[in-house]
Every structure is written in C-alpha cells, then in structure tokens.
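In what follows, a single structure is set out as structure tokens and then discussed.
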Amino acid sequence: MATMADPPAGRAVDSATGTPTETVVEAEDLRMDYGPTRVLDGLGLTVRAGEVVALLGPNGAGKTTTIEILEGFRRRSAGRVEVLGQDPARADEAWRAELGVVLQSWRDHGVWRVRELLHHFGRYYAAYSTPERVRPFDTDTLLGRVGLAGHAHQQVKSLSGGQRRRLDVAIGLVGRPRLLFLDEPTAGFDPQARRDFHDLVHDVVDENDTAVLLTTHDLDEAERLADRILVLTGGRIVADGSAEQLATDLGGDSELAWTVDGRRSVHSTREPAKFVAGLYADHGDSVTDLRVTRATLEDVYMDLVRRHGSGGPANAAEYERKDR
Amino acid sequence: MNPATNAVRLGVARGWTDFLRLSTTPSELFGYIFYPLVFVGVAIGADLEHNETGADGSAYLMTGGVAFLLANTLLLLAQMIGSEREDGTLLRAKALPHGMIGYTVGKSLQLLLTSAVSLTLIIVASLVLVDGFSIQGWTGLLTLLCFCALGIMALAPYGAILGSLTTNPRMTVAVVMMALLGLTVVSGLFFPLDILPAWAGVIGMLFPLYWAGVGMRAALLPETQLAFEATGAWELPQAAGVLMVWAVVGFLVAPWVLRRMARRESGSRVSEARERAMKRAY
C-alpha cells in the first residue's frame with residue numbers, strides 16, 4: 001500500500017508517516033436519545049487500520065452506547081456512521097465476519113469444552129476465508145496464544161473468571177477480524193490479571209494488524225493499551241490524542257506550593273513559570289520550599305470530565321428502561 | 001462454501017452437541033425420566049384399570065401423559081430462549097456471521113431430539129407397563145407420528161414467543177407451567193371431560209392441548225375406549241384442523257417476535273439481565 005502514488009479514495013493519510021492508512025471507523029455528528037435523555041450529542045470519531053483506540057469516560061458517559069452502535073447492535077437516533085465501509089445499522093453478514101466482538105461471558109455454553117467451542121465458532125468464518133486472510137485462526141494456535149492450551153478439554157463452566165475472559169478474547173479474535181471491539185474488558189480484574197490481559201491484547205493485535213476500539217473508565221488502562229485516547233463525556237468527544245499529547249496540549253493546572261515567612265501557601269495555575277517569577281519578584285529570597293507539580297493525565301482527565309459534565313444512568317439498557 | 005449453508009451445517013452441529021452434552025448432565029437426565037416416571041407411577045398406582053364401564057382409566061391417563069409432553073416443548077423452548085438471552089448465548093450467536101441461522105437450526109434440532117427421547121421413553125414405558133395402552137396398528141403409528149409432529153408445531157412456537165418476551169425466564173416458566181396444568185384439566189387429558197361442567201370442555205377445545213390429546217387417544221387406545229369420547233368417535237379431522245391453525249399462527253408470529261427480540265440484544269442488555277438475575281433469589 002505504501003508504494004501507491006496516490007492514496008485511494010476513502011483512505012486517510014497518516015500525518016506522521018505519510019503512508020495511506022485506511023479508516024475503519026468513522027462517526028460524524030452521532031446522536032442518541034433515550035426518550036427525553038440525550039446520551040450522545042454530536043459525537044465524532046475516527047479509527048484507522050491497525051490502531052488501538054480507547055474510549056475513555058466516566059460511567060454513564062455513553063461509551064457502551066457508542067460501541068454498540070458501531071457493532072450494529074443498537075440503532076442510533078441520528079448522525080452518520082461508517083464501520084469498515086458500511087453503515088452498521090444496515091450491514092450484511094460478510095461485514096459481520098470482519099468484526100470481532102469480545103463479549104463478557106457469564107455462564108453461556110457452560111457444558112461445552114473450551115477447544116470445541118472456539119473451534120465451532122471459528123468455522124462460521126471459514127466461508128469468508130481468502131488466500132490473503134486465511135480464516136479462521138487455527139484453534140490450537142489461538143488457544144496457546146491466550147494461554148488456554150492446558151485447558152482445551154475442560155468444560156467452559158470449570159474455568160476461572162480470568163480464564164473465561166481469555167476465552168472471550170479468543171472468540172473475539174477467532175475470525176481474524178480487521179476490527180475488534182472491547183467493552184470494559186477488565187472490569188472486575190485484579191491488578192495481575194489486568195496486566196496479563198493488556199499484554200495479551202498487545203501481542204495479538206500486533207501480530208494481526210487488527211484495529212481495536214475499547215471502552216474503559218480506567219485511565220491507567222487507556223494509557224497502557226491505546227495508541228490514542230478519546231475522552232467521552234457529556235455525549236461528545238472532548239479530547240483526542242495520545243496520553244502524552246493530552247497531558248501536554250490540554251495542560252491542565254499545575255499546582256504550586258511554597259512557604260513565605262513560615263506560612264505555607266498553595267496555588268493552582270495554568271502558567272506556573274509566570275507565577276513563580278511573580279512570586280520571587282514579590283518576596284525574593286524569603287520564598288522557601290517551592291514545589292511545582294505538573295498536571296498528570298489523570299488531572300487533565302478529571303478536569304475535562306468536570307468541565308463537560310456527565311452523569312446519568314451507568315448502563316445503556318437502564319436508559320431504555322427509564323424511557324419505557 | 002456458501003456462508004448460509006455453512007451456518008445451517010454448524011447449527012446442526014450445535015444442536016447435536018447441546019443435546020449430547022445436556023443429555024449426559026445428571027439434572028437433564030432427571031428431566032427426561034421425571035415425567036415418564038410420574039405418569040407411569042400414577043397410572044399403575046391409582047389402579048384405574050377396568051372399572052365397571054369397561055373403560056380403561058390408566059391407559060387413558062397415559063395418553064394424556066404423552067400429550068402433556070408435547071405441550072412441554074412449549075415450556076422447554078420458553079426456558080431455553082429466556083435463559084440463553086439472559087446468559088448471553090444468543091448475543092454470541094448474533095456476533096457471528098450468520099450466527100442466528102446457526103442458533104435457530106441448533107435450537108430446533110435440540111428441541112426435536114430432546115422431545116423424541118422423552119416421548120420415546122414415556123411411550124415405551126407405557127407399552128410395557130400399562131395395560132390397554134398400545135399402538136393401534138400401522139394407522140395408529142401413523143396417527144401417533146403425525147399428531148406428535150402437529151402437536152409440537154402447534155405448541156412450540158408459543159414457547160419461542162414467551163421466551164423472547166420474558167424478562168424473568170424462571171418466573172415465566174413457573175407461570176406457564178401452572179397455566180398448562182390448568183389446561184390439562186379442561187382439556188380432558190388425564191380423565192374424561194364428562195365429570196366437568198360443559199363450559200370447561202368448551203374452553204379446552206379452544207386450545208391445542210385438547211386436540212393433541214384426541215390424537216394420542218386415537219393412536220394409542222383401542223376402539224372399545226371410544227365410549228370416553230364426547231361424540232363417540234375420534235375427531236381426527238377437527239383435531240388436525242385446530243392444531244394446524246395454531247401452528248400456522250405460531251409460525252407466522254414467532255419469527256417476527258424472535259427477530260425483533262434478537263435485533264435488540266446487546267452487551268448492555270445482557271449485563272443488565274445478568275444483574276437482574278443475580279439480585280433474584282429464584
């Protein structure tokens with residue numbers, strides 16, 4: 001693709017490398033109303049091929065609603081959406097074969113064996129296999145990849161919570177999707193399981209050049225997993241960039257603490273250097289114990305959420321119930 | 001490879017696997033044996049045989065048992081669909097290309113296999129253990145097969161509809177179970193209707209269970225038992241007619257309700273259903 005003189009229509013050009021990068025998700029002015037409640041209000045986002053994008057936002061911000069619209073599981077109220085070249089609300093089964101959805105299993109397929117279930121689901125994709133993209137994934141390779149090779153012949157219901165999530169990921173990946181959706185992938189994980197899960201997603205995604213859109217309310221997770229973070233609050237995307245970009249560009253307030261004549265003072269400002277200069281001009285050498293704390297990504301995020309407001313029910317289905 | 005045909009093949013594989021796996025689960029095995037055991041036990045224990053009219057009460061009761069198992073397909077399907085919506089099985093199918101074809105084929109096959117096993121069990125047990133219960137020649141066998149198929153087609157679609165509409169599968173199954181038990185009484189399934197007021201029989205005749213019972217009696221009881229029938233004859237054409245009307249309406253409405261339900265399934269609905277289920281003690 002990089003050797004082409006002109007990028008084909010419908011492809012964005014990656015500004016950093018100049019190579020044409022295919023857009024896999026594009027949403028414009030997306031709106032979603034549950035009765036009188038507007039959950040998404042003019043949301044726009046783009047995901048390019050091979051990119052890992054985190055949709056970060058507080059509970060009730062509309063993350064799950066957004067992802068379910070993109071998955072084709074929920075109808076939007078208004079706006080333009082294109083996922084892998086089709087409108088999810090009208091997309092066909094061949095389109096579905098290009099997607100991977102990691103669902104949170106509970107007790108479904110409990111009596112199936114791990115390998116048997118993964119193999120069975122994989123066979124649905126065999127009809128869509130091409131020489132360039134052989135599908136499905138080889139069952140045993142994939143089981144090994146997610147660390148379940150030793151559990152292949154166990155019943156699904158005998159797996160631990162963490163093992164089940166690994167199986168969920170394997171099922172999401174078995175069709176070698178071009179785009180993978182992960183909704184709150186590590187909710188309820190302990191720190192070790194969370195780290196293992198992040199490593200797994202990284203590895204599998206790198207190997208297969210799969211684009212990933214994940215939702216999380218965990219900043220740490222977004223920072224660790226994503227190439228790009230979209231902050232969703234108040235029904236729209238209020239920030240878009242890598243973790244470093246967000247922290248730098250959005251600045252946020254730096255916190256200053258100092259002591260003058262034994263009196264401790266604290267002040268927040270967007271321009272710490274200027275403030276410090278003023279401080280010394282006023283008090284000279286009597287300023288002691290000066291400390292400047294730069295805004296972290298977390299501060300930026302909290303600030304964004306506070307400014308744009310959010311709230312509302314924590315779960316998309318809850319909106320519908322209120323609606324009824 | 002055509003994706004849709006592939007999905008049909010996978011549906012057959014799924015139905016077979018679900019059937020095999022569940023058939024080797026102790027609780028499911030118990031489900032198979034439970035009804036035959038209860039009905040045969042009551043039929044023998046109550047000693048309803050050869051009372052003064054020459055009518056054979058035990059054999060009559062067992063034909064009702066067979067008809068009741070036909071109605072049980074409604075409960076089975078409501079329970080399967082209701083709980084598989086709740087636990088996310090259905091959403092998984094929806095996330096696969098042509099997964100809903102696979103799911104529908106799989107569930108239909110699973111239901112047919114499960115029904116075939118439980119019907120065979122109760123019929124064989126009755127043939128061996130209950131006097132006066134016998135397949136009435138080749139016409140009887142044909143009648144039995146036709147009315148088993150008709151009965152399932154007239155009843156099962158309504159199970160699919162109920163399973164699609166419920167938000168509490170266990171409660172729905174309990175309520176439908178009570179309703180079915182009520183219907184068995186006004187349908188004259190276990191004992192002749194003449195001991196009940198006439199209006200009860202009229203209510204029963206509106207529902208498919210009554211006519212499934214007629215079909216089973218025609219297939220499994222000798223002509224000497226015709227004295228039980230209100231009209232003194234096996235009303236097979238009427239029975240087939242009523243069952244077909246129920247089947248046609250069911251097969252028109254059920255796919256529409258199922259499609260509507262499936263369209264609305266999503267991750268947040270499943271997790272909401274899960275939370276609801278976990279808050280309930282039943």
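Proteins get letters first, then strands, A, B, ... in listed order; numbering begins at 1 in each.
- A donor atom on one side chain and an acceptor atom on the other are found under 3.5 Å apart for A/His109 and B/Arg14.
- Neither the backbone nor the side chain of B/Thr24 comes within contact range of chain A; no heavy atoms are under 4.5 Å apart.
- Here the shortest heavy-atom pairing between A/His120 and B/Leu10 reads CE1-O, 3.2 Å.
- B/Leu96 and A/Phe121 make their closest contact through CD1-CD2, 3.4 Å (heavy atoms, listed as atom of the first residue, atom of the second, distance).
- Crowding of B/Met178 atom CE: a count of heavy atoms from other residues, nucleotides or ligands under 6.0 Å not exceeding 12.
- Of all residues in residues 126-137 of chain A, those placing a non-hydrogen atom less than 4.5 angstrom from a non-hydrogen atom of chain B are A/Ala126, A/Ala127, A/Tyr128.
- Chosen from B/Asp18, B/Leu90, B/Thr5, the residue pairing most often with chain A at heavy-atom distances under 4.5 Å is B/Asp18.
- For a heavy-atom cut-off of 4.5 Å, chain B lies close to A/Asp168, A/Ile171 in residues 166-186 of chain A.
- For A/Glu221, the salt bridge (Lys or Arg N to Asp or Glu O under 4.0 Å) criterion is met by no residue, not counting sequence neighbours.
- The line from CG of A/Asp108 to OG1 of B/Thr89 is 4.5 Å long, rounded to the nearest 0.5 Å.
- The stretch residues 81-95 of chain A places A/Glu93 near chain B, each with some heavy atom under 4.5 Å from a heavy atom of that chain.
- A/Arg80 CZ: more than 12 foreign heavy atoms inside a 6.0 Å radius.
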List the steps and the verdict of side-chain hydrogen bond (donor to acceptor under 3.5 Å, both in side chains) for B/Thr17 and A/Glu116.
-> CA-CA 10 Å; B/Thr17 307; A/Glu116 171 185 62; 4.6 Å; no

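- When the candidates B/Lys94, B/His98, B/Met1 are compared by the number of heavy-atom contacts under 4.5 Å with chain A, B/His98 comes out ahead.
- A pairwise comparison of heavy atoms in B/Tyr103 and A/Tyr124 identifies N-OH, 4.4 Å as the closest pair.
- Heavy-atom pairs under 4.5 Å with chain A peak, among B/Glu86, B/Arg263, B/Arg9, at B/Glu86.
- With chain B as partner, the option from A/Glu98, A/Arg75, A/Arg123 having the largest number of non-hydrogen pairs under 4.5 angstrom is A/Arg123.
- Contacts with chain A were tallied for B/Gly99, B/Gly88, B/Ala93; B/Gly99 has the most, counting heavy-atom pairs under 4.5 Å.
- Two residues are said to be in side-chain contact when any heavy atoms from C-beta on lie closer than 4.5 Å; A/Arg113 and B/Arg21 meet this criterion.
- Of all non-hydrogen atoms in A/Arg74 and B/Ser266, the two that sit nearest each other are NH2-OG, 3.3 Å.
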